[in-house]
Amino acid sequence: MSFVDQVNPKQLEAIKAVQGPVMVIAGPGSGKTRVLTFRIAHLINIGVPAYQILALTFTNKAASEMRERVTKIVGDKSKSLWMGTFHSIFARLLRVECEKLGYGKNFSIYDTQDSISLIKNVMNDLGVPSQNYNPRSVLSRISGAKNQLITPEVYQEQAADIFEEKTGLIWNEYRKRLKQNNGMDFDDLLLKPIDLLTQHKKILEHYQDRFKFILIDEYQDTNHAQYVLVNLLAQKNRNICVVGDDAQSIYAFRGADIRNILEFERNYPDLKIIRLEQNYRSTKIILKAADGLIKNNVDQIPKDLWTENDDGAKITVLHCNDDADEGGSIVKSIFEESGKHKLQFKEFAIMYRTNAQSRSLEDALRKNSIPYSIIGGVEFYLRKEVKDVLAYLRLLVNPADNESFRRIVNYPSRGIGAVAVDHLKKFAVSNSLGFLEAAAHAPEISGISAKGKNAIAALAAMFTKYQRLRGEMSISEMSRALVDEIGILHIFKDEGTPEAIARWENVQELLSAITEFSEQNAEATLEDFLQDVTLVSDVDRWEDKFNSVTLMTLHSAKGLEFPVVFIAGLEEGLLPFYSAEPDRKTLEEERRLLYVGLTRAKKILFLSHVRIRFRFGEMSYQSPSRFIDEIDSSLIETRRSIAKHYAAEPAKRKIADSSVKARRMKKEKSESHYFTDEQPDYDGQSDEMLSEGTVVEHEIFGKGKIVRVSGSGDSQKAVVEFYDVGRKNLMLKYARLKIV
DNA sequence: ATTAGGCGATTTTTT
DNA sequence: ATCGCCTAAT
């Protein structure tokens, strides 16, 4: 093998240190994937059977790319590698072993949406009003506790307030229901393997002997449960290699814990630490900017990043008026840069903090006929009609799945309402049956009208029929037949509205996806397909073969790189994201997120911010992100945008009156008061003396009193308590306040 | 009892 | 856009 002349000495060291625990601290663009690939290839070449290697990656895409690259070096042997995300690898393991934990092999995997709706049902049944306790927050507490390996019992004992008490109760019931439904949530895919391995010594030994060499990519984003799980597997052979970068840790909200890196060192005192600090991706200017930014974090492992690449162009900061203008400015820059450097659209990426930001950017791209593909957002497999069809398939595979039953029992409308379902549920509970089983006994259930009984019995009969057909037809034929019989395609067709047509297309696309899936792997089962759609993300499906601009969140951008990167919305409150005054930890995580974004860029980097943004249905004055100030100003060139020509709609946004309340977009058609995309007059307002207590008047918000003034020069800001609309954070440069 | 339609509230980031 | 909650119609 010829990797020796393709890597630097540090990389070589990381590739060859195959025995014992190794931690590779890999800066952005330092050839981490190359190291992992060669390391696996090296293991195989020195005689380690591929099935003894377990490689855990952050995305499925990273896994399949790596497998491809390994295959190029070692050939077919790579097929028996276990490579994938934690969730998909351990779901696979559970399919084999779950019966020892009392689950059926056909268990359903509940995504966040499914889990929330189960929580809602549980709360209903327990009489906990969902007005007081948001099911989403309840789930996130439960999930947090689960990833810390806290049991419901301990959680309930330690409950510090009424919310936690209720959460404990809900959790307990939620857990029971999941089990009854033969279902696991995302966290269970990590916790159940831990249960399995700690409860069954033989099985633990089996897998310890099986996975003699373990590699973990993006180690900084693993949580405590993942840490424990991997250590169980690795503790016997101790051939474990983790690769990560603390500066790119951006999943704390999901339980990712920097302590994993510290504990790792404690757990393996003979740990070998290798640092990869040479960057092969970005220009000197980009790297310097990123490095300068991240140095503002207190929590970090110090690093000395360097590159032999050119200085490159300065970073451009685009000052924009509003979101339409931002889209226009970005489009204009795409045209300019692609003309100047002969770049294709696929070499551009636009990144942002929240999915909601994509809309105005899409508008601008569409208006200028630039092809784009978008990662994330409302994902295909989360669309209602798609989830509805999937619920049918899921119930077919796992008849115990009461949540799926609930979802489809009256979709499309069959005259089975809440009351009928309630009777059915009572019958099911008192006879210890699943809902679908109970449905087969519809005639025996009291309290339901004859019509309702017929409808329920017919539904049950349909499932019986398709359970039989599953054995006789291919999964794609069977799915088509089922969708046909449900009749939703006709319903959408008849409705004929653009929305309905879109739904029709989505269902067709789902059916094609099933066909394609079964063509790709001939032995694939419906279970495999269902598992795939819940565990494979949008990024995983993304391919750069289309010549289009890519739009995505900063979180999704991890692990990718592009010649030209735009990061939109660098504004206080948005990036860094916060609603209340942010604490240090929050700010540091947000800073790391931007760091990840900056370091995706190879050659050219644009940052943009707007003056006025529609947020939470409200017009909001935004001040530029503090992060812009943290980048050395000698690396930056600013541009005030006048992108009228490219902006999606002339940026006309109505504000009806002085009470700036939530306004639906559709209501925004009539009436007075427009903002235009003309440059605001910078009338030197900020030069005047404004201090606490000054009474001022704003053209829209009316009169108010200044509470606080901060910053200086162009970035001077004030908090103003308006008499009519309450407290607002304004940037003086743009707010055009009049002293009263 | 069920359904349709209107209205208001809700949106950080993801496996 | 979607969901829950309301009311009026069937």
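Naming: A, B, ... by sequence-line order, numbering from 1 per chain. Just so you know, these numbers use all the heavy atoms, side chains as well, and skip hydrogens, waters and symmetry mates.
Nearest-nucleotide positions on DNA chain B for A/Ser88 and A/Arg353 put A/Arg353 closer to the 5' end. Where A/Thr59 and A/Ala420 meet DNA chain B, the nucleotide closest to each residue was compared, and A/Ala420 sits on the side nearer the 5' end.
Following rounding to the nearest Å, A/Lys585 (NZ) and B/dT12 (P) show an atom-to-atom distance of 22 Å. When rounded to the nearest whole Å, the span between CD of A/Gln113 and C1' of B/dT10 equals 14 Å. The distance between atom CG of A/Asn147 and atom P of B/dT14, rounded to the nearest whole Å, is 17 Å. Rounded to whole angstrom, the span from the CE atom of A/Met351 across to the P atom of B/dT12 amounts to 22 Å. Counting to the nearest Å, the P atom of B/dT14 and the CG atom of A/Leu593 are 10 Å from each other. Here B/dT14 presents its C1' atom at 7 Å from CZ of A/Phe58, a figure rounded to the nearest Å. As a whole-Å value, the separation of A/Ile116 CD1 from B/dT10 C1' is 12 Å. The NE2 atom of A/His87 sits 4 Å away from the C1' atom of B/dT15 (whole-angstrom rounding).
Using a 4.0 Å heavy-atom cutoff across all strands shown, A/Lys384 reaches sugar-phosphate atoms only and no base atom. Contact annotation for A/Ser556: backbone-only contact, meaning every heavy-atom pair under 4.0 Å involves sugar-phosphate atoms and none involves a base. If you check every strand for non-hydrogen atoms under 4.0 Å, A/Tyr251 touches sugar and phosphate atoms only. Nucleic acid contact for A/Arg503: sugar-phosphate only, since backbone atoms but no base atoms lie under 4.0 Å from a heavy atom of the residue. Across all strands, A/Lys387 comes closer than 4.0 Å to no nucleic acid atom at all (heavy-atom distances).
Taking side-chain N and O atoms only, A/Lys120 has no distance below 4.0 Å to OP1 or OP2 of C/dC3. Phosphate proximity of B/dT3 to A/Asn410: present, with a side-chain N or O under 4.0 Å from OP1 or OP2. Taking 4.0 angstrom as the limit, A/Thr553 places a side-chain polar atom (N or O) nearer than this to OP1 or OP2 of B/dT14. When the side-chain nitrogen and oxygen atoms of A/Ser413 are compared with OP1 and OP2 of B/dT3, one or more of them lie within a distance under 4.0 Å. Taking only side-chain nitrogens and oxygens, A/Asn355 comes nearer than 4.0 Å to OP1 or OP2 of B/dT14.
With 3.5 Å as the limit, one finds a donor-acceptor pair spanning the side chains of A/Ser404 and A/Arg394. Under 3.5 Å, the side chains of A/Tyr110 and A/Asn181 contain a donor-acceptor pair of N or O atoms. A donor and an acceptor atom, one from each side chain of A/Thr586 and A/Asp583, are located under 3.5 Å apart. Residues A/Tyr578 and A/Glu572 bring a donor and an acceptor atom of their side chains to less than 3.5 Å of each other.
Using atom P as the reference point in both C/dC5 and B/dT11, the two lie 15 Å apart (nearest Å).
Tested against A/Phe86 for a side-chain contact (heavy atoms from CB on, under 4.5 Å), the candidates A/Thr57, A/Leu189, A/Ile216 yield a single pass: A/Ile216.
Closest to the A/Val419 side chain, of the nucleotides B/dT11, B/dA1, B/dT14, is B/dA1.
Evaluation of A/Phe253 against the base of B/dT13 yields a stacking contact (centre distance < 5.5 Å, interplanar angle < 30°).
Judged by the 6.0 Å and 45° rule, A/Lys192 forms no cation-pi pair with A/Phe107.
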